[in-house]
Amino acid sequence: VQLQASGGGLAQAGGSLRLSCAASGRTLSVYTMGWFRQAPGKEREFVAAIRWYGGSTSTVYSDSVKGRFTISRENAKNTVNLQMNSLKPEDTAVYYCAGIPKRLISSMVTVSDSYADWGQGTQVTVSS
């Protein structure tokens, strides 16, 4: 599966941006898609993930973005959006989407090595 990330850019603190990640190919009935980010000089960190299995969907967020970011899947499509509100300068990073065609257990969702497919990074810059 190929992942194509889009969105990002520059925003002021308190503003909003939206990232999207589209997975190529036929509609995936079981998939976990996550967003990770990496700031300069820092390790890649988990941001949010969404899992879908048949008609069920579940989401997971890191504590640092909970309540500010929302991850969602477009209806029956292989596209996931990450709506980022109340942005902070510390949200500045390169954001990567990642996926795997299975429903990861909660303890593995936040681990980057759990994912097989990766999109290209997209830059998010938040100015103070």
Side-chain angles (χ1 to χ4, degrees):
V1 176
Q2 290 187 324
L3 302 181
Q4 179 71 41
S6 61
L10 177 65
Q12 291 187 331
S16 299
L17 287 171
R18 189 173 85 161
L19 305 181
S20 294
C21 184
S24 62
R26 60 180 176 82
T27 300
L28 300 163
S29 59
V30 180
Y31 206 73
T32 298
M33 188 176 287
W35 284 95
F36 291 78
R37 66 187 182 186
Q38 188 165 19
K42 295 187 176 181
E43 293 187 352
R44 189 171 295 186
E45 66 170 346
F46 170 77
V47 176
I50 186 166
R51 300 171 285 186
W52 63 87
Y53 177 82
S56 300
T57 302
S58 62
T59 57
V60 181
Y61 296 93
S62 69
D63 289 343
S64 62
V65 306
K66 197 173 295 182
R68 300 188 298 122
F69 290 11
T70 302
I71 189 169
S72 62
R73 178 192 177 202
E74 292 188 12
N75 288 341
K77 294 181 180 179
N78 295 342
T79 299
V80 168
N81 298 314
L82 182 68
Q83 179 66 41
M84 305 184 294
N85 298 329
S86 302
L87 284 164
K88 303 176 180 180
E90 50 263 44
D91 293 320
T92 295
V94 177
Y95 283 69
Y96 299 89
C97 61
I100 189 163
K102 62 182 186 181
R103 191 177 186 276
L104 292 175
I105 60 175
S106 296
S107 63
M108 300 305 295
V109 163
T110 62
V111 179
S112 61
D113 287 346
S114 301
Y115 296 82
D117 311 315
W118 287 84
Q120 84 285 9
T122 184
Q123 178 71 46
V124 170
T125 303
V126 183
S127 62
S128 57

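Residues Val30 and Arg103 share a closest heavy-atom pair of CG1-N, 3.6 Å. Taking both residues in full, the closest heavy atoms of Leu104 and Ser114 are given as CD1-CB, 3.7 Å, listed atom of the first, atom of the second, then distance. Here the shortest heavy-atom pairing between Gln38 and Lys42 reads NE2-O, 3.1 Å. Heavy-atom minimum distance, Ala23 versus Val1: CB-CG1, 3.6 Å.
Taking the side chain as every heavy atom from C-beta outward, Trp118 and Ser112 approach each other to under 4.5 Å.
For Glu74, the side chain to side chain donor-acceptor pair (under 3.5 Å) criterion is met by Asn81, not counting sequence neighbours. Glu45 meets the salt bridge (charged side-chain N to carboxylate O under 4.0 Å, His left out) test with Arg37; sequence neighbours excluded. Residues meeting the salt bridge (charged side-chain N to carboxylate O under 4.0 Å, His left out) test with Arg68, sequence neighbours left out: Asp91. For Asp63, the salt bridge (charged side-chain N to carboxylate O under 4.0 Å, His left out) test picks out Lys66, with sequence neighbours left out. For Tyr115, the ring-ring contact (aromatic ring centres under 6.0 Å, His included) partners two or more places apart in sequence, or in a different chain, are Phe36. Under the side chain to side chain donor-acceptor pair (under 3.5 Å) criterion, Arg51 pairs with Ser58, Ser106, sequence neighbours left out.
Not one N or O on the side chain of Thr57 forms a donor-acceptor pair closer than 3.5 Å with the backbone of Trp52.
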In a table with atom names and distances, give each donor-acceptor pair under 3.5 Å that connects a side chain of residues 3-19 to protein atoms at least two apart or in another chain.
unit_1 : atom_1 : unit_2 : atom_2 : d
Ser16  : OG     : Asn85  : OD1    : 2.8

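Connection of Ile100 to Val80 is not established within any shared hydrophobic cluster, with ILVMFWY side chains joined at heavy-atom distances below 4.5 Å, either directly or through further cluster members. Under the 4.5 Å side-chain heavy-atom criterion for grouping Ile, Leu, Val, Met, Phe, Trp and Tyr, Val124 is not connected to Phe46 through any hydrophobic cluster. Both Tyr95 and Met33 sit in one connected hydrophobic cluster of ILVMFWY residues. Membership requires side-chain heavy atoms under 4.5 Å apart, directly or through other members. Note on Val47: it does not cluster hydrophobically with Val109, by side-chain heavy-atom contacts below 4.5 Å among ILVMFWY residues.
Among residue pairs with one or both ends in residues 37-128, those qualifying as disulfide (SG to SG under 2.5 Å) are Cys21-Cys97; sequence neighbours excluded. Under the disulfide (SG to SG under 2.5 Å) criterion, no residue pair touches residues 98-128, with sequence neighbours excluded. Pairs engaging residues 52-88 under the disulfide (SG to SG under 2.5 Å) rule: none recorded [sequence neighbours left out]. The stretch residues 21-33 participates, sequence neighbours left out, in these side-chain hydrogen bond (donor to acceptor under 3.5 Å, both in side chains) pairs: Tyr31-Asp117. Pairs engaging residues 44-81 under the disulfide (SG to SG under 2.5 Å) rule: none recorded [sequence neighbours left out].
Interatomic distance, CG of Leu28 versus CZ of Arg73, reported as 7.5 Å (0.5 Å rounding). Here Ile50 contributes atom CD1 and Trp35 contributes atom CH2; the two are 12.5 Å apart, rounded to the nearest 0.5 Å.
Residue Glu90 places its CD atom among more than 12 non-hydrogen atoms of other residues, nucleotides or ligands, all under 6.0 Å distant.
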